[in-house]
Peer 1: 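One structure, as structure tokens, below. Some questions next.
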Amino acid sequence: MSYIFIDVRKKIAEIVGQSVKEAIDSKELVLNFVSPDKLFSKISIEIPNNRGYGEFSSNIALISTGFFRLPASEISEIILKYINKNCNLCGFIEFCKIENGGFLNFYMNSTFFCKIVKEIDNFGDDYGNSDFGSMCELNNNTFIESNKYSKMPKKILIEYVSANPTGPMHIGNARLGALGDCIAQLLLKSGFAVDKEFYVNDAGNQIEKFGQSLSARYEQIFDEKAIFPDDGYKGEDIKILAKSFADIFNDKYINEDYEVRKRALIDFSLPKNIEKMKNDLEKYKIIFDNWFYESQLYKNGDIEKVVKLLKENSAVFESEGCTFFRTTDFGEDKNEVLIRKNGIPTYFAADIAYHFNKFLIRNYDICINVWGADHHGHISRMKCALKVLGIDPNRLKIITVQLVNVIRNGEINKMSKRDGRAEKLDRFIEEVGVDSARFIFNMQNFNSKMDFDVELAKKNDMSNPIYYIQYAYVRFASIIRTFDLNKIDFNKLNLSVLNSTEEKELIFKLSSFPYEVIESVKKLNPSKISRYMIDLASLCHKFYTEKRVENSDENLSYSRLLLCIQASKVIKTALNMIKISIPKYM
RNA sequence: GUGCCGGUAGCUCAGCUGGACAGAGCAACUGCCUUCUAAGCAGUAGGUCGCGGGUUCGAAUCCCUCCCGGCAUGCCA
């Protein structure tokens, strides 16, 4: 799979490298006690952020002043001579020139722009798809291109949301969901073998508390004086569940043994909560390939097995009636409890077993976990555990997402799970809409904490860019509607008439889509692709305003029409990728 | 105290593997609808890039001190 944009960028890097090499060989440039490889490794081709400086750019002259002991202007003059000689190695370069004291800027010819318009057509819905997933490796938290091309794409498990099933999902889950889902989509488009998973914490301590809370609320229905535990779940949802249980069983469980009553309430309530989560997420267009139940790890003995494995590696000791993991051996501040005094394994123990299952039972190459920032303290000890189990911790990539506050009428509602006052996901999605929510959450970098203003998200202007993008699509759709496409032979067009600034910039933006997808996936950051969409929409609107499609020149009309068709295809592909709806009218 | 994330225009944020005048949107002001959807386009105004050092030909970007905000630091998950 190859794309003109990506190939040209690579080719230009080769030309620059070749030209520098020739300049050195001819002694016109002399390296100052530096190995040539060090210089060549620094060659990278950028896209000038300011349009009007050509399509591609190299700053090699600026960064090599120290290597050659010459001013950038002189170095660039020398390199340019050789570039001019080598330019014909790429058929798309019109010329290269020096600008702003040493930048070597490459301007593309009309063949380039014509070919791009046709290229999009050839790929159709697959435009932007790549086999990056077979030719990369995870290094320092980002994917980098690798020389090792594997026949099989990397097998990735991405786990996200994994909301606690003891209560309704909240706004924080909405951000994690939007982000995780878009990352998964990016990975799929980039040729990884991706499975999306929700980890259901249906066992352990918090389910015990869930049961205690339910039991207390159930008892309170029949006896107002029944005591509610201090650390119980205080949300209304618990009362409602207890009430519906009582509606069916009445006081049948009041005189039952406490453990029996608790179990009955849990078995009644948990499936209801999980079903509700599935429904809400589905409305949010998130569908998981697998729901993994923590209780499985208890039932099949995986937790015991993993603790035993850690023990065999002398990473475990007993103290004060607990089983500890010796995390201090890895430079942590303190040792972590795996099994409590009461015999119940901690979340940490279960999570080690879960990751053991991901890597060694199900054989994923890479696992990505999307976690709220409040979990970040869990990362390093998790990686310690992987080391002991013989799993390279670099194979686990954890994305921590900063928390979200909701702003209503200028007032902040801080998200907080425990007190039951957190913004609920279902209400939130209903109010701002799926498209807006998904887009806004993916627009901002996940490292920044977010104040989500509900009023702004509902507005139909650029405070909410999704409308801006959809509107660009709708405007082009309305142009396309006015033509009878069956009567036009697009193959016969002379597309070189698409040579205005508006047209060339739009085409160039379209050409970079496959590149942008890969750049986003490398950093596992969809905000890049969201901003690309806004830029693309902006160029569409400019073109729309400045250039009339239907005009007296038939070749020009149809060429512009074809450009509209290709641009709307790319917008559609991009919106589909992040699962945002594509309206025909607005 | 220690660790992680952030501090860029009045507001919300891009830019952060060092490089071309620090960019968008919102809010303010000025133009543009008898022609394919004005949910749009063009323009004006607005900045000690938290403070102070350092490295460099060159720093919002890299390093250090400090200040401010959020999160974590549970036998919660």
Side-chain angles (χ1 to χ4, degrees), chain A residues 42 44 46 48-50 52-53 57 59 61-63 65-66 71-72 99-103 105 140 142 162-164 166 201 204-207 209 231 294 320-324 332-334 336-351 371-380 400-403 405 407 414 417-418 443-453 456 459-468 470-472 474-483 527-528 531 534-535 537-538 540-551 557 560-561 564 585-586:
Chain A
K42 286 191 178 284
S44 84
E46 306 297 328
N49 44 24
N50 195 333
Y53 280 136
S57 173
N59 63 356
L62 291 123
I63 61 177
T65 50
E99 280 166 303
N100 272 348
F103 285 94
N105 291 337
N140 267 339
T142 53
S162 297
N164 200 320
T166 52
N201 301 125
N205 211 49
Q206 90 283 357
I207 290 297
K209 278 186 189 169
D231 57 349
E294 185 184 353
E320 305 158 47
C322 299
T323 305
F324 280 88
E332 298 292 302
D333 291 342
K334 58 180 182 51
E336 299 290 338
V337 174
L338 291 173
I339 316 243
R340 299 180 181 90
K341 231 176 267 172
N342 63 11
I344 300 177
T346 57
Y347 167 81
F348 182 40
D351 220 22
W371 285 350
D374 52 340
H375 284 59
H376 87 262
H378 187 55
I379 297 173
S380 58
T400 52
V401 185
Q402 296 298 312
L403 306 184
N405 295 316
I407 298 180
K414 285 209 162 199
K417 305 177 216 176
R418 288 298 143 106
M443 214 172 54
Q444 194 166 327
N445 202 314
F446 49 77
N447 278 332
S448 306
K449 101 173 155 50
M450 188 173 201
D451 293 330
F452 195 116
D453 191 321
L456 281 184
K459 280 168 82 173
N460 291 358
D461 59 22
M462 262 298 267
S463 335
N464 185 2
I466 188 60
Y467 293 108
Y468 184 74
Q470 289 174 326
Y471 186 49
V474 165
R475 283 177 123 185
F476 279 12
S478 87
I479 292 175
I480 296 165
R481 264 198 301 276
T482 61
F483 289 87
S527 69
K528 289 191 170 300
R531 255 172 259 117
I534 294 171
D535 291 346
S538 170
C540 289
H541 285 303
K542 276 180 192 159
F543 168 80
Y544 184 95
T545 310
E546 294 299 322
K547 301 292 170 196
R548 209 184 144 72
V549 172
E550 192 176 4
N551 60 65
S557 296
R560 285 180 175 163
L561 173 64
C564 289
Y585 300 91
M586 281 172 85

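Numbers restart at 1 for each chain; the letters A, B, ... are given by sequence-line order, proteins then strands. Predicted, not measured: the structure shown is a model, and the values here were computed from it.
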Peer 1: Provide the Watson-Crick or G-U wobble partner of B/U12, both distances under 3.5 Å; none if there is no partner.
Peer 2: B/A24

Peer 1: Here's a test of your reading of the structure: between A/Thr65 and A/Tyr585, which maps to the more 5' nucleotide of RNA chain B?
Peer 2: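 This one resolves to A/Tyr585.
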
Peer 1: Whole Å only: how far is the CZ atom of A/Arg340 from the P atom of B/C75?
Peer 2: 9 Å

Peer 1: What heavy-atom pair brings A/Cys322 and A/Val337 nearest, and what distance separates the two atoms?
Peer 2: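 Heavy-atom minimum between the residues: CB-CG1, 4.3 Å.
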
Peer 1: Quick one: closest heavy-atom pair of A/Tyr347 and A/Arg340, and the distance?
Peer 2: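 Minimum heavy-atom contact is N-NH2, 4.5 Å.
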
Peer 1: For the side chain of A/His378 and the base of B/A72, is some donor closer than 3.5 Å to an acceptor across the two?
Peer 2: no

Peer 1: Within the 4.0 Å heavy-atom criterion, would you say A/Glu550 contacts the bases, only the backbone, or no part of the nucleic acid?
Peer 2: base

Peer 1: Scan every strand shown for a Watson-Crick or G-U wobble partner of B/U2, both distances under 3.5 Å, and answer none if you come up empty.
Peer 2: B/A72

Peer 1: Given the P atoms of B/A45 and B/C62, what is the spacing between them in whole Å?
Peer 2: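 That atom pair is separated by 31 Å.
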
Peer 1: State, without any angle test, whether A/Asn445 and A/Ser527 hold a side-chain donor-acceptor pair at a distance under 3.5 Å.
Peer 2: no

Peer 1: So which heavy atom on A/Lys449 is nearest to which on A/Gln444, and how close?
Peer 2: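 The answer is O-NE2, 3.3 Å.
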
Peer 1: When you compare B/U12 with B/G47, how far apart are their C1' atoms, in angstrom units rounded to a whole number?
Peer 2: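 These two C1' atoms come out 16 Å apart once rounded.
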
Peer 1: On a whole-Å scale, what distance lies between the P atoms belonging to B/G7 and B/G46?
Peer 2: 24 Å

Peer 1: Look at the side chain of A/Arg475 and decide which nucleotide, out of B/A20, B/G40, B/G19, has an atom nearest to it.
Peer 2: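 Of B/A20, B/G40, B/G19, B/G40 is nearest to the side chain of A/Arg475.
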
Peer 1: Answer yes or no: does a side-chain N or O of A/Tyr468 lie under 4.0 Å from OP1 or OP2 of B/C41?
Peer 2: yes

Peer 1: Classify the nucleic acid contact of A/Ser44 as base, sugar-phosphate or nothing, counting any heavy atom under 4.0 Å across all strands shown.
Peer 2: nothing

Peer 1: On RNA chain B, nearest-nucleotide positions of A/Phe324 versus A/Asn100: which is more 5'?
Peer 2: A/Asn100

Peer 1: Side chain of A/Ser527, base of B/A14: donor and acceptor closer than 3.5 Å?
Peer 2: no

Peer 1: With respect to the phosphate group of B/A14, does any side-chain polar atom (N or O) of A/Ser448 fall under 4.0 Å of OP1 or OP2?
Peer 2: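 Yes, such a contact exists.
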
Peer 1: Taking atom P of B/C13 as reference, at what distance in whole Å does atom CG of A/Asp535 sit?
Peer 2: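 It is 19 Å, rounded to the nearest whole Å.
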
Peer 1: Rounded to whole Å, how long is the line connecting atom CG of A/Asn49 with atom C1' of B/G15?
Peer 2: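 After rounding, the reported distance stands at 9 Å.
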
Peer 1: For B/A42, take OP1 and OP2 only and decide whether either is under 4.0 Å from a side-chain N or O of A/Lys542.
Peer 2: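 The answer is yes; a side-chain N or O of A/Lys542 sits under 4.0 Å from OP1 or OP2.
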
Peer 1: What orientation do A/His378 and A/Trp371 show, parallel under 30°, tilted 30 to 60°, or perpendicular over 60°?
Peer 2: tilted

Peer 1: So, using ring-ring contact (aromatic ring centres under 6.0 Å, His included) as the criterion, who are the partners of A/His541 when residues are at least two apart?
Peer 2: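 Scan of A/His541 (ring-ring contact (aromatic ring centres under 6.0 Å, His included), adjacent residues dropped) gives A/Tyr468, A/Tyr471.
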
Peer 1: Could you check which of B/A20, B/G74, B/A77 has an atom nearest any side-chain atom of A/Glu99?
Peer 2: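 That would be B/A20.
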
Peer 1: Base, sugar-phosphate, or nothing: which does A/Arg531 touch, judged by heavy atoms less than 4.0 Å apart?
Peer 2: sugar-phosphate

Peer 1: Kindly give the heavy-atom pair with the smallest separation between A/Asn447 and A/Thr400, and that separation in Å.
Peer 2: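 Of all heavy-atom pairs spanning A/Asn447 and A/Thr400, the closest is OD1-O, 4.1 Å.
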
Peer 1: Looking at B/C36, does its base get a donor-acceptor pair with the side chain of A/Thr482 below 3.5 Å?
Peer 2: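 Counting by modelled atom types and ignoring angles, no donor-acceptor contact under 3.5 Å is found here.
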
Peer 1: Does B/U17 pair with anything, Watson-Crick or G-U wobble, both distances under 3.5 Å, and if so, with which nucleotide?
Peer 2: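 Answer to the pairing question: none, since B/U17 forms no Watson-Crick or G-U pair.
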
Peer 1: May I ask which nucleotide in the shown strands pairs with B/U56, Watson-Crick or G-U wobble, both distances under 3.5 Å?
Peer 2: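 Answer to the pairing question: none, since B/U56 forms no Watson-Crick or G-U pair.
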
Peer 1: Measure from the ring centre of A/Tyr53 to the centre of the six-membered ring in the base of B/A20, then say whether that distance is under 5.5 Å and the planes meet at under 30°.
Peer 2: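 Here the ring of A/Tyr53 and the base of B/A20 are stacked, with centres under 5.5 Å and planes under 30°.
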
Peer 1: Tell me: CE of A/Met586 to P of B/A38, nearest whole Å?
Peer 2: 12 Å

Peer 1: Going by the glycosidic torsion and a 90 degree boundary from 0, is the base of B/C33 oriented syn or anti?
Peer 2: syn

Peer 1: To the nearest Å, give me how far apart CG (A/Asn59) and P (B/G58) are.
Peer 2: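 The distance from CG of A/Asn59 to P of B/G58 comes to 17 Å, rounded to the nearest Å.
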
Peer 1: How long is the line joining OH of A/Tyr544 and C1' of B/C32, in whole Å?
Peer 2: 15 Å

Peer 1: Given B/G40, B/C71, B/G19, which nucleotide is nearest the side-chain atoms of A/Tyr471?
Peer 2: B/G40

Peer 1: Charged N to carboxylate O below 4.0 Å: is that the case for A/Glu332 and A/Lys334?
Peer 2: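 Salt bridge absent between A/Glu332 and A/Lys334.
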
Peer 1: How far does the C1' atom of B/G19 sit from the matching atom of B/U61, given to the nearest Å?
Peer 2: 10 Å

Peer 1: Quickly work out the A/Tyr467 OH to B/A39 P distance and round it to whole Å.
Peer 2: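 About 14 Å, once rounded to whole Å.
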
Peer 1: For B/G43 versus B/G15, give the span between their P atoms, rounded off to a whole number of Å.
Peer 2: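 B/G43 and B/G15 have their P atoms separated by 24 Å.
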
Peer 1: Extract from the structure each pairing of a protein N or O with an N or O of nucleotides 22-29 of chain B at less than 3.5 Å, listing the distance.
Peer 2:
from	atom 1	to	atom 2	distance (Å)
B/G25	O2'	A/Met462	O	2.8

Peer 1: So what does A/Asn445 hit on the nucleic acid, given a heavy-atom distance under 4.0 Å: a base, only sugar-phosphate, or nothing?
Peer 2: sugar-phosphate

Peer 1: To check you understand the geometry: which heavy-atom pair defines the closest contact between A/Pro48 and A/Ser57, and what is its length?
Peer 2: CG-CB, 3.8 Å

Peer 1: Which whole-number value in Å describes the distance from A/Asn405 CG to B/C5 P?
Peer 2: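 After rounding, the gap between these two atoms is 19 Å.
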
Peer 1: Contact class for A/Ile379 vs. all strands (heavy atom < 4.0 Å): base, sugar-phosphate, or nothing?
Peer 2: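 If one applies the 4.0 Å heavy-atom cut-off, A/Ile379 turns out to touch nothing in the nucleic acid.
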
Peer 1: What's A/His541 touching, base or sugar-phosphate or nothing? Going by heavy atoms closer than 4.0 Å.
Peer 2: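 The answer is sugar-phosphate, as A/His541 gets under 4.0 Å only of primed atoms, P, OP1 or OP2.
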
Peer 1: Using the P atom in both, what is the distance from B/G18 to B/U56, to the nearest Å?
Peer 2: 16 Å

Peer 1: Under a 3.5 Å cut-off for both distances, is B/U35 Watson-Crick or wobble paired, and to whom?
Peer 2: none

Peer 1: Would you please say whether a donor-acceptor pair under 3.5 Å links the side chains of A/Asn164 and A/Asn201?
Peer 2: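 A/Asn201 and A/Asn164 do not have a side-chain donor-acceptor pair below 3.5 Å.
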
Peer 1: Looking at every strand, decide which applies to A/Pro71 at a 4.0 Å heavy-atom threshold: base, sugar-phosphate, or nothing.
Peer 2: nothing

Peer 1: Provide the distance between the two C1' atoms, one in B/A14 and one in B/U8, to the nearest whole Å.
Peer 2: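 These two C1' atoms come out 10 Å apart once rounded.
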
Peer 1: Within the pair A/Gln402 and B/C5, is there a side-chain N or O less than 4.0 Å away from OP1 or OP2?
Peer 2: no

Peer 1: Nearest to the side chain of A/Arg548, which nucleotide is it out of B/A20, B/C76, B/U35?
Peer 2: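 In terms of side-chain proximity for A/Arg548, the closest of B/A20, B/C76, B/U35 is B/U35.
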
Peer 1: Taking the P atom of each, how far is B/A72 from B/A27, in whole Å?
Peer 2: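 Their P atoms lie roughly 35 Å apart.
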
Peer 1: Taking CG in A/Asp333 as the centre, count heavy atoms belonging to other residues, nucleotides or ligands within less than 6.0 Å. Is the count above 12?
Peer 2: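 It does not: A/Asp333 CG has 12 such atoms or fewer within range.
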
Peer 1: Using a heavy-atom cut-off of 4.0 Å across all strands, would you classify A/Lys42 as base, sugar-phosphate, or nothing?
Peer 2: nothing

Peer 1: Return the stacking result for B/A20 and A/Phe103: yes when the ring centres lie under 5.5 Å apart and the planes under 30°, no otherwise.
Peer 2: yes

Peer 1: Base, sugar-phosphate, or nothing: which does A/Glu320 touch, judged by heavy atoms less than 4.0 Å apart?
Peer 2: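 Touches a base.
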
Peer 1: Compare side-chain N and O positions of A/Asn205 against OP1 and OP2 of B/C76 and report whether any pair is under 4.0 Å apart.
Peer 2: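 It does, given that an N or O in the side chain of A/Asn205 lies less than 4.0 Å from OP1 or OP2 of B/C76.
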
Peer 1: Please give me the minimum heavy-atom distance between A/Pro465 and A/Ile534, naming the atom from each residue.
Peer 2: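 Looking at all heavy atoms of both residues, the closest pair is CB-CD1, 3.7 Å.
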
